[in-house]
2 protein chains.
Amino acid sequence: MTNQHYGQFCGLARAAEIVGQRWTLLILRDLSVGSRRYSELVAGLPGIPTNTLATRLKELEDEGIVARTAPTGTERSVVYRLTSRGEELGPALDALSRWGAGGMREPRDGEIVTTSSITAALRVAAGDGVAPADWDTVYNVRVGEVEVHVVMRDGAITADPGFAEDADLEITAGPGIRDVLAGTLSAQDAVETGAVALDGDPALFERFADTLRVPYSVHLAETA
Amino acid sequence: MTNQHYGQFCGLARAAEIVGQRWTLLILRDLSVGSRRYSELVAGLPGIPTNTLATRLKELEDEGIVARTAPTGTERSVVYRLTSRGEELGPALDALSRWGAGGMREPRDGEIVTTSSITAALRVAAGDGVAPADWDTVYNVRVGEVEVHVVMRDGAITADPGFAEDADLEITAGPGIRDVLAGTLSAQDAVETGAVALDGDPALFERFADTLRVPYSVHLAETA
DNA sequence: CGGAATCCCTCAAGATACTG
DNA sequence: CAGTATCTTGAGGGATTCCG
């Protein structure tokens, strides 16, 4: 199972040999959200052939990007996680996410969201993850079947899978939430048009909409 | 020629559908250095099948990332260049380059450098491209057959293909120049061990070595 | 049941020749 | 010069099976 090489002594070429493999970027995205078992990866990556996943995990392990923790004692599952070297890919994944999201308008036919994709998107939207120190707000965000929560506390913003127990505001949204993150749909308009439904203080959603931001590209239809 | 899709409404997935195609990242790297004709791309990407290049260029044009300028009047060549949307990929390409370069030690068997790869690497090494305003230095850099020049002037650092006429220092180097950029081989040691040969004031090479930086990853051999 | 390996098939990509 | 045509190869998709 030899990776494809470009034969160039070049950082980008080396990176391309890894992230240019099909499914690899999405596997890394899911692992960047948190450690995952094989079956969780399969579930979070609809359409991935199991042999491809197994092959990728082995390649990434060989490259020192992913570490495999064999089940020990009561644990009966293999757990995959990013190594430090894998974590170093974070800025590149974020930059790619941001660029790709800039070109994202409506979902294409059949396109779905996953827990990892929403979590990763919200982390990217949080930018450097810094917030005013006096904020202390927990958001539960539901998009379709996906449930994640965002915490703005102690000067930091974090996003993680699942609902929080003590949320201040519950946000139920469809793909229109994308426009809110882009800044092209105001919090108020989003609520009034039914793009999002709130359970809690609407003012907290204003803060959510103002703080999290992944702009649309303004260069989508260049003709010359 | 339908691209492969992941079926996810996710910025990273959208990006992966483009940059995950074989050769695409290297095509974008070459075009990010400057506009190129088809034959120049073929020459700068040893090993690329011409049909693959043609297909990629068409896909990238359809995506609005690359623009094709048909020959007009005296011009007899089609010219490809990045659109504004394509330029927006810059930060992502830089982050990938930096990450990939962090894992780059010795060249693997048969690995080469190209004019675009060296130019792009030096641009990445220049970081934000800001230099002290009183610097005014032109470097010619030769690595194998490749010739590029670096200009530190007016508070900016730029790197471009080819030699400059008015260089203050000419640097002839092998792959060992990588260690200088990483900061693990001092300018003085590089000269003394013959890793680089200078024609001009050695003090200017100190500045070169101190200013351009693409560190090695410190996490290459994680075992747990 | 989680974590793959195996088989088969398709299509993207490689190699090379050729053409407007 | 700037591609297209043709053929070959092999990675990846899909389903099933296997193993601890």
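Naming convention: chains lettered A, B, ... in sequence-line order (proteins, then strands); numbering from 1 in each chain.
The shortest distance between the side-chain N/O atoms of B:Thr50 and the OP1/OP2 oxygens of D:dG3 is not below 4.0 Å. B:Lys58 has a side-chain polar atom (N or O) that falls below the 4.0 Å cut-off from OP1 or OP2 of D:dT4. Put simply, B:Thr52 has a side-chain N or O that comes within less than 4.0 Å of OP1 or OP2 on C:dG14. At D:dG3, one or more side-chain N or O atoms of B:Tyr80 fall inside 4.0 Å of OP1 or OP2 (strictly under the cut-off). In this model, the phosphate group of C:dG3 is approached by a side-chain N or O of A:Ser77 to a distance below 4.0 Å at OP1 or OP2.
Of the residues in residues 29-37 of chain B, not one places a heavy atom less than 4.0 Å from an atom of DNA chain C. If you check residues 10-27 of chain B against DNA chain C, the residues with a heavy atom closer than 4.0 Å are B:Gln21, B:Arg22, B:Trp23, listed by number.
Among the nucleotides D:dG12, D:dT4, D:dA11, the one closest to the side chain of A:Arg56 is D:dG12. When distances are taken from the side chain of A:Asn51 to each of D:dA2, D:dG13, C:dG2, the shortest belongs to D:dG13.
Within a 6.0 Å sphere centred on CD of A:Glu106, heavy atoms belonging to other residues, nucleotides or ligands number 12 at most.
If you take CD on B:Gln8 and CD1 on A:Ile112, they are separated by 5.0 Å, rounding to the nearest 0.5 Å. Atom CG in B:Leu41 sits 13.5 Å away from atom CZ in B:Arg56 (nearest 0.5 Å). We find the CE-CH2 distance between A:Met104 and A:Trp99 to be 12.0 Å, quoted to the nearest 0.5 Å.
Nearest-nucleotide positions on DNA chain C for B:Pro49 and A:Tyr38 put A:Tyr38 closer to the 5' end.
Counting to the nearest Å, the C1' atom of D:dA2 and the CD atom of B:Glu61 are 13 Å from each other. For A:His5 and C:dG14, the NE2 to P distance is 13 Å, given to the nearest whole Å. Atoms CG (B:Leu53) and P (D:dT4) sit 11 Å apart, rounded to a whole Å. B:Ile48 places its CD1 atom 13 Å from the P atom of D:dG3, with the value rounded to the nearest Å. Across the protein-nucleic acid pair, A:Leu41 atom CG and C:dG3 atom C1' stand 11 Å apart, rounded to whole Å. In this structure, CD of B:Gln4 is placed 11 Å from C1' of C:dT10, rounded to the nearest angstrom.
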Which atom pairs, donor and acceptor, lie under 3.5 Å between side-chain atoms of residues 165-176 of chain A and protein residues at least two apart or in another chain?
residue	atom	partner	partner atom	Å
A:Asp168	OD2	A:Val138	N	2.7
A:Glu170	OE2	A:Arg142	NH1	3.1
A:Glu170	OE2	A:Arg142	NH2	3.4
A:Thr172	OG1	A:Arg142	NH1	3.1

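Between A:Asp30 and A:Gly44, the shortest heavy-atom distance links the atoms OD2-O, 3.8 Å.
Electrostatic pairing of A:Arg14 and A:Glu63 does not count as a salt bridge here, judged by no charged N lying under 4.0 Å from a carboxylate O.
Judged by the 6.0 Å and 45° rule, A:Arg22 forms a cation-pi pair with B:Tyr6.
Partner B:Arg123 forms a salt bridge (charged side-chain N to carboxylate O under 4.0 Å, His left out) with one of B:Asp128, B:Asp160, B:Asp94 and no other, that one being B:Asp160.
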